[in-house]
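Quick note: numbers below take in every heavy atom, side chains included, and nothing from hydrogens, waters or symmetry partners.
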Amino acid sequence: MIDLKTLRENPDLIRNSQKARGEDVGLVDQLIAADEARRLAVNEFEAVRAEQNTLSKSVGSAKGDEKAKLLESAKELAAKVKAADSKRAELEEASKAILLQISNIVHTDTPVGGEADFKVLEHIGTPRDFAAAGFEPKDHVELGKVLKAIDTERGAKVAGSRSYYLTGVGALLEFAMVNYAIQLAVKAGFTPVIPPVLVKPPAMEGTGFLGQAAENVYHLEEDDVYLVGTSEVPLAAYHMDEILDVDNGPIRYAGYSSCFRREAGTYGKDTRGIIRVHQFDKVEMFIFCKPEEAEAEHAKLLQWEKDFLNAMEIPYRVIDVASGDLGSSAIRKFDCEAWVPTQNAYREVTSTSNCTEFQARRLNIRHKTDDGTKAVATLNGTLVAIPRMIVAVLENHQNADGSVNVPQALRPFLGMDTLLPA
RNA sequence: GGAGGGCUCGCAUAGCGGCCGAGUGCACCGGUCUUGAAAACCGGCAAGGGAAACCUUCGUGGGUUCAAAUCCCACGCCCUCCGCCA
């Protein structure tokens with residue numbers, strides 16, 4: 001959630017942000033009104049409450065007639081307090097409801113516009129010229145079959161559409177990528193974490209996934225728990241309601257977990273292969289830091305993502321995602337998009353967001369500063385999302401005979417230099 | 001799933017319906033003493049809102065009462081024992 005002080009002092013900042021996102025600007029003025037009403041009601045309640053407190057105290061020491069008289073007026077006051085209290089509660093809830101609908105204030109450098117208005121920051125590597133090499137590249141589904149690495153048919157049989165099995169070298173590839181990623185993360189100072197993937201409502205709400213993203217979240221009705229779509233959720237909520245010590249530098253976690261996504265409303269998109277699936281494993285980086293360090297940490301997250309992609313020897317580009325395509329918590333987001341030869345396109349493989357204090361305010365995660373206890377900043381970034389990285393590696397490193405060269409960095413973890421048709 | 005016990009300021013504990021927003025010990029911070037440290041002693045030390053007065057918070061939500069940490073109800077979580085189980 002946004003800071004109410006900013007709302008009062010600089011509402012235009014928030015209006016412009018909402019506008020840039022293509023979200024409801026009117027919410028800002030609704031919130032200003034609701035907040036004002038709320039504060040009035042709070043004052044009113046506190047005034048009668050203070051009166052009641054002093055009166056109640058005098059009742060205790062009074063005697064006889066005096067006491068009866070006091071009791072009578074105390075009773076009246078009690079009714080007033082009750083009314084003022086429920087009015088306060090009502091208005092507080094109303095303003096909270098609006099507050100939760102307003103997204104974080106977009107960064108001044110974030111390109112304004114919709115999904116297509118991203119800005120390309122850089123290209124790294126060059127897509128291979130398969131024509132010059134004299135063969136037509138196979139797509140990852142075909143390669144997966146040839147290598148007996150990916151089985152989407154049996155995935156569909158057993159678990160439905162957007163499901164798959166990783167088998168043989170496919171499964172080994174996942175372990176190799178995860179091990180390499182975790183090693184990279186540990187070297188960079190991250191604490192590796194295997195978090196729960198079933199979480200309670202406050203964790204889901206607090207991270208902002210029950211807003212616009214709610215339709216993509218699996219909910220287990222019977223137990224009122226959610227399956228997380230990313231370990232960002234349990235990692236962010238890990239320090240919920242805590243006061244952190246971030247004076248000695250940021251706190252960094254690398255979570256490895258399965259991720260579950262309903263992919264509602266994507267029926268036509270990416271139906272072939274494992275680019276868009278209901279369940280996959282991912283190593284996610286998550287950082288808690290001082291707000292003034294957030295931007296520098298964001299740059300570091302992007303660099304670690306690039307380090308991983310460089311190690312995979314895959315051509316990719318980095319984009320600065322446009323305002324209309326940001327998550328509600330993020331002020332700025334960089335995506336790394338790997339080249340997918342058979343689609344002749346760059347496709348998102350990793351993503352890093354700077355959420356400033358937005359998530360931490362909801363989750364009540366703070367740190368001590370010279371002028372009080374303040375919300376920390378949170379940031380997240382994908383180190384590796386397995387299926388998409390497998391797509392990129394298989395397609396980019398394939399040979400004419402269907403074999404695939406293993407990136408140098410993965411060889412020690414995989415124990416082979418080439419994946420051979422089975 | 002069954003039977004008990006518990007949930008109070010970082011930790012551990014005390015707490016008669018009004019004098020309790022709350023005592024004590026440990027930890028922590030500052031000071032005295034010391035060449036330095038320890039010990040001892042002195043002082044400070046929960047969080048949020050508010051300029052302040054003041055208000056809110058003793059697991060959560062309701063209720064009783066003029067007044068609730070304290071009484072009643074429901075729920076949650078933790079622990080112990082029993083059953084079941086990867």
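- Nucleotide B:G4 forms a Watson-Crick or G-U wobble pair with B:C79, both donor-acceptor distances falling under 3.5 Å.
- Between A:Asp85 and the options A:Lys82, A:Lys87, A:Arg88, a salt bridge (Lys or Arg N to Asp or Glu O under 4.0 Å) holds for only A:Arg88.
- Using a 4.0 Å heavy-atom cutoff across all strands shown, A:Arg38 reaches no nucleic acid atom at all.
- Atom P of B:A69 sits at a distance of 7 Å from the matching atom of B:U57, rounded to the whole Å.
- Checking B:U13 for Watson-Crick or G-U wobble geometry (two distances, each under 3.5 Å) identifies B:G23 as its partner.
- A:Lys75 has no side-chain polar atom (N or O) that falls below the 4.0 Å cut-off from OP1 or OP2 of B:A67.
- Nearest to the side chain of A:Lys200, among B:C66, B:C77, B:U56, sits B:C77.
- Between the CD atom of A:Glu46 and the C1' atom of B:A52 there is a distance of 12 Å, given to the nearest Å.
- Ion pairing between a basic and an acidic side chain is recognised when a charged N comes within 4.0 Å of a carboxylate O; A:Glu297 and A:Lys300 show such pairing.
- Of the two residues near RNA chain B, A:Leu70 and A:Thr54, the one whose nearest nucleotide lies more 5' is A:Thr54.
- At a threshold of 4.0 angstrom between heavy atoms, the contacts of A:Lys80 with the nucleic acid are absent.
- A straight line from CG of A:Leu363 to P of B:A47 spans 20 Å, rounded to a whole angstrom.
- Using the Watson-Crick or G-U wobble rule with both distances under 3.5 Å, B:U64 pairs with nothing in any strand shown.
- Under the 4.0 Å criterion applied to side-chain N and carboxylate O atoms, A:Asp29 and A:Arg15 are assigned as salt-bridge partners.
- When rounded to the nearest whole Å, the span between CG of A:Asn43 and C1' of B:U56 equals 13 Å.
- The phosphate of B:U64 (OP1 or OP2) has a side-chain N or O of A:Lys82 nearer than 4.0 angstrom.
- Taking atom P in both B:G59 and B:G15, the straight-line distance is 15 Å, to the nearest Å.
- Nucleotide B:C54 holds its P atom 17 Å from the CG atom of A:Leu55, rounded to whole Å.
- Along RNA chain B, the nucleotide nearest A:Glu51 and the nucleotide nearest A:Val42 are compared for position; the residue whose nucleotide lies closer to the 5' end is A:Val42.
- The shortest distance between the side-chain N/O atoms of A:Gln52 and the OP1/OP2 oxygens of B:A67 is below 4.0 Å.
- Here the P atom of nucleotide B:G21 and the CZ atom of A:Arg49 are 12 Å apart, to the nearest Å.
- For the C1' atom pair drawn from B:A46 and B:G21, the interatomic distance equals 10 Å after rounding to whole Å.
- The gap from the C1' atom of B:C54 to that of B:G6 amounts to 35 Å, rounded to the nearest Å.
- Spacing of C1' atoms, B:A68 relative to B:G17, comes out at 6 Å, to the nearest Å.
- Between B:C45 and B:C29, the distance separating the two C1' atoms is 8 Å to the nearest Å.
- For the ring-ring contact (aromatic ring centres under 6.0 Å, His included) test with A:Tyr346, the passing option among A:Trp339, A:Phe118, A:Tyr316 is A:Trp339; the others fail.
- Shown here, B:G43 forms a base pair with B:C29; the pair counts as Watson-Crick or G-U wobble because both key distances fall under 3.5 Å.
- Among the heavy atoms of the strands lying under 4.0 Å from A:Thr373 are primed sugar atoms or P, OP1, OP2 only; no base atom is included.
- Straight-line distance between the P atoms of B:A12 and B:U80: roughly 15 Å, to the nearest whole Å.
- Of the candidate nucleotides B:C77, B:C66, B:C19, B:C66 has the atom nearest to the side chain of A:Ser56.
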- Task: Please test A:Glu153 against A:Lys145 for salt bridge (charged side-chain N to carboxylate O under 4.0 Å, His left out), starting from the C-alpha separation and ending with a verdict.
- Result: CA-CA 10 Å; A:Glu153 282 161 26; A:Lys145 266 188 205 161; 3.3 Å; yes

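- The residue A:Glu72 sits apart from the nucleic acid: no heavy atom pair falls under 4.0 Å.
- Taking 4.0 angstrom as the limit, A:Asn53 places none of its side-chain polar atoms (N or O) nearer than this to OP1 or OP2 of B:A67.
- Regarding A:Phe45, its CZ atom lies at a distance of 12 Å from the C1' atom of B:U57, rounded to whole Å.
- Comparing the P positions of B:G18 and B:U70 gives an interatomic distance of 12 Å, to the nearest angstrom.
- When rounded to the nearest whole Å, the span between CG of A:Leu71 and P of B:G18 equals 16 Å.
- The only member of A:Tyr253, A:Phe288, A:Phe286, A:Trp304 that meets ring-ring contact (aromatic ring centres under 6.0 Å, His included) when paired with A:Phe190 is A:Trp304.
- Side chain of A:Ala50, nearest nucleotide from B:C54, B:G50, B:C77: B:C54.
- Of the candidate nucleotides B:A47, B:C55, B:C19, B:A47 has the atom nearest to the side chain of A:Lys368.
- Rounded to whole Å, the distance from CE on A:Met240 to P on B:C77 is 13 Å.
- Base pairing annotation: B:A37 forms no Watson-Crick or G-U wobble pair, as no partner gives both donor-acceptor distances under 3.5 Å.
- Using N1 to N3 plus N6-O4 or O6-N4 for Watson-Crick, or N1-O2 and O6-N3 for G-U wobble, each under 3.5 Å, B:G50 pairs with nothing.
- A salt bridge between A:Arg261 and A:Glu263 is absent, with no side-chain N of the basic residue lying under 4.0 Å from a carboxylate O of the acidic one.
- For the residue pair A:Ser329 and A:Asn104, no side-chain donor N or O sits within less than 3.5 Å of a side-chain acceptor on the partner.
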